[in-house]
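Only a predicted model underlies this, so the values are computations on that prediction, with no experimental measurement involved. Chain A is the first sequence line, chain B the second, and so forth, proteins listed ahead of strands; every chain is numbered from 1.
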2 protein chains.
Amino acid sequence: MTETAPRPTLEAVAARAGVSRATVSRVVNGADGVREPLVERVRRAVEELGYVPNQAARSLVTRRHDAVAVVVAEPETRVFADPFFALQLRGISKELTAHDNQLVLLLTEGRDDHARVGRYLAGGHVDGALVFSLHLDDPLPGLIQRAGVPTVFGGRPGWSDGTTDVVYVDSDNRGGAREAVRHLAGLGRTRVAHITGPLDQTSAADRLDGYRDVMGDADPGLVVRGDFTPAGGERAMRELLDRCPDVDAVFAANDLTASGALRVLRESGRRVPEEVAVIGFDDMLPVAEQTDPPLTTVRQDIEEMGRLMARLLLGGLGPGDAGAAPTGVVLPTTLVRRTSA
Amino acid sequence: MTETAPRPTLEAVAARAGVSRATVSRVVNGADGVREPLVERVRRAVEELGYVPNQAARSLVTRRHDAVAVVVAEPETRVFADPFFALQLRGISKELTAHDNQLVLLLTEGRDDHARVGRYLAGGHVDGALVFSLHLDDPLPGLIQRAGVPTVFGGRPGWSDGTTDVVYVDSDNRGGAREAVRHLAGLGRTRVAHITGPLDQTSAADRLDGYRDVMGDADPGLVVRGDFTPAGGERAMRELLDRCPDVDAVFAANDLTASGALRVLRESGRRVPEEVAVIGFDDMLPVAEQTDPPLTTVRQDIEEMGRLMARLLLGGLGPGDAGAAPTGVVLPTTLVRRTSA
DNA sequence: CTGAAAGCGCTAACAT
DNA sequence: ATGTTAGCGCTTTCAG
């Protein structure tokens, strides 16, 4: 059982290059003030020995880790079956990589996991945290803020009272919803329904608000609750058809919901978009392009949201500082026209 | 700009409890051989001070990190839109958490990322790596093996020549495929087609092998290439219908493919399962249960695969040791009957 | 511009 | 059973 070969230390490199540890350290960290010939010698020694700095030793003194935690509360499995999060993660990863930071993924499943995450964050293992808090009553965000780690939230946290400055990145859910509903209205539809998402998530609540912005207090029977899943969309669509048979357009809170609604519509013999126009939200390609007919929807640049979160975190917002941090940044959405509306 | 409050050290706890650092260390690390009253005092001091061990300092001496890297090559976006990986990740996360290990996620996008990952792994930041290598020609696995980090692969690596012992976890793709095809045959179908996955992934190749195990050298026209996507499934199904109009059963390489095939079948007016029976692979719930009709498929326990990978990694397979490591472990699959076959 | 030396916070012998 | 001590590998004043 070969013990893992002892990796060369700064000391070894220094010896080989015939300089002091300090000099090697300077070269390795790109500090200037070392004369060219020495730099060269050190470089070669590093190369020959295959030296790689010991991050633990470095962190011990610098108190930096070049690592950020991504915390995902995952009360439901669905969260994960959703390409949404995956895309965001990808954006985050790209940005972190570009800044030589590592991504530590913290998935939480329940109460005890929360404690664990809190401890980890408070333990100063990472330089910051990117947090996806999905529900209004999630205790996680509080825990995290108390941990005193610089944090950026994904999506506007529901508990933010607007006075404390949490930093978050969000899509313009409300504006996107407005645009969708206006488009429907522009098509001459007068009985425009909305199938909501789970209203304890701000994204769903905001989309509902956007709908109301345009529809005012139209027939409240036209608003029916879904849950961001195709099954929920089906259920809601049935209810809708039952309650308001004259519905001529549906704004679904997301593409998955729309796909369910579409199925029920087809089943019931309504033609889309001729009799009922349908719009989704997200522009999740594998879904939106595959529905029958292809889905008109509101696109949000999910990957960019991830990137931006990472950029914000790395770019400053001083540690533990409650002063001048920027607060929310919301990304624009765009309407993508396909066939369903 | 409040500097992040200096966290208490072992020293501080020791002082407060009136003992030596060593004793505190023992208590914190659960070593026995400390008398109860002292343990109690130390515990209280830890509590009062909110002490959390500095992982960097600890790693520096123990040379352990309680962290493992999860490396995902992601040449195509699809990988990620796929709930498959998400589920595996979840299994991994649970198992790691249970052993107090952190998950460092390394996403790679291209050649330069490979170098970065290699460096990271070689840099001894983690105690091991869990690697998803998707393609036969992926250079990543080689890099990783050279890094000398204990590694477990997700899915049988295609480049394994069978003599070197790589450790991997895989599903019984071949056996599952056999069971599917036999089921179709048992239904009395004689013209059983297969829509493959991308054959440079072992999972796809193995499923094809399983199909052949049962079908022998039936009409080769019945095998058509897909790519694990619904769109690929549609394309393949059209080709199939064109080439072999008498096809009476389809074994699709995965559920997504099956969903595409199903759509084309419906379009073309063939009744499923009466005229054409269809079986998928994966039992990806959001897909398999939502198709019309619900999909009969081969289930693999994806989350368990993830768990197992983590367990294997943590459970031993001595560092860098090329000797007596276990090699592949393959998990059984089960046929799930719904309506489509 | 370079080197010497002092720790960072912790664990693990080794004493007691 | 507990305390003392010597580093782990690195960065960073501080001298020279």
Side-chain angles (χ1 to χ4, degrees), chain A residues 3-43 45-46 49-67 100 119 122-127, chain B residues 3-43 45-46 49-67 100 119 122-127:
Chain A
E3 263 309 307
T4 156
R7 300 188 301 103
T9 72
L10 251 202
E11 184 86 48
V13 178
R16 175 141 196 152
V19 299
S20 73
R21 280 177 4 219
T23 299
V24 178
S25 176
R26 287 177 187 120
V27 172
V28 167
N29 293 306
D32 41 25
V34 180
R35 251 190 281 259
E36 192 47 44
L38 274 201
V39 173
E40 197 46 47
R41 284 227 310 272
V42 171
R43 285 254 166 73
V46 165
L49 263 34
Y51 169 75
V52 185
N54 178 320
Q55 184 65 37
R58 178 183 294 190
S59 290
L60 185 54
V61 32
T62 62
R63 278 129 195 312
R64 289 189 39 257
H65 304 266
D66 298 316
D100 258 307
R119 224 178 314 125
H125 301 274
V126 290
D127 302 325
Chain B
E3 265 308 308
T4 156
R7 298 189 301 104
T9 71
L10 250 204
E11 185 85 50
V13 178
R16 175 137 194 155
V19 299
S20 73
R21 278 176 7 219
T23 299
V24 178
S25 177
R26 288 178 187 118
V27 172
V28 168
N29 293 305
D32 42 25
V34 181
R35 250 189 282 256
E36 193 45 46
L38 273 202
V39 173
E40 198 44 47
R41 284 224 313 269
V42 171
R43 286 252 166 75
V46 165
L49 265 35
Y51 169 76
V52 184
N54 179 320
Q55 184 66 36
R58 177 183 294 186
S59 291
L60 186 54
V61 33
T62 60
R63 278 132 194 310
R64 289 188 39 258
H65 304 266
D66 298 315
D100 257 307
R119 224 179 314 125
H125 300 275
V126 290
D127 303 325

- request: Decide yes or no on side-chain contact (heavy atoms from CB on, under 4.5 Å) for B:Arg16 and B:Val42, but give the supporting numbers first.
  value: CA-CA 8 Å; B:Arg16 175 137 194 155; B:Val42 171; over 6 Å; no

Heavy-atom pair of closest approach, residues [X] and [Y]:
X: B:Ala56; Y: A:Leu60; value: CB-N, 4.0 Å
X: A:Pro53; Y: A:Val28; value: CG-CG1, 4.1 Å
X: B:Leu38; Y: B:Val19; value: CD2-CG1, 3.7 Å

task: For A:His125 and B:Asn54, indicate whether the former's side chain and the latter's backbone hold a donor-acceptor pair under 3.5 Å.
output: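 No.
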
- prompt: Ignoring hydrogens and geometry, is there a side-chain-to-backbone donor-acceptor pair from A:Asp127 to A:Arg64 under 3.5 Å?
  reply: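 Such a contact is absent between A:Asp127 side chain and A:Arg64 backbone.
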
- request: List in numerical order all residues of residues 34-43 of chain B for which some heavy atom is under 4.0 Å away from an atom belonging to DNA chain D.
  value: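 When residues 34-43 of chain B is checked for heavy atoms under 4.0 Å from DNA chain D, the hits, listed by number, are B:Val34, B:Arg35, B:Leu38.
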
query: Within the pair B:Thr23 and D:dG3, is there a side-chain N or O less than 4.0 Å away from OP1 or OP2?
result: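 Yes, because at least one side-chain N or O of B:Thr23 sits under 4.0 Å from OP1 or OP2 of D:dG3.
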
message: At less than 4.0 Å, is any side-chain N or O atom of A:Ser20 found next to OP1 or OP2 of C:dA4? Yes or no.
response: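 Looking at the OP1 and OP2 atoms of C:dA4, neither is under 4.0 Å from any side-chain N or O of A:Ser20.
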
Rounded distance (nearest 0.5 Å) linking atom CG of A:Leu10 with atom OH of A:Tyr51: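 Atom-to-atom, A:Leu10:CG and A:Tyr51:OH are 3.5 Å apart.
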
- request: Could you run through nucleotides 7-16 of chain D and give me one letter per nucleotide, 5' to 3': B if any protein heavy atom sits under 4.0 Å from the base, S if only the sugar-phosphate is that close, - if neither?
  value: -BBBBBB---

query: With sequence neighbours left out, which residue pairs that include part of residues 28-43 of chain B fulfil the side chain to side chain donor-acceptor pair (under 3.5 Å) condition?
result: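 For residues 28-43 of chain B, and leaving out neighbouring residues, the side chain to side chain donor-acceptor pair (under 3.5 Å) pairs sorted by first residue read B:Ser25-B:Asn29, B:Asn29-B:Arg58.
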
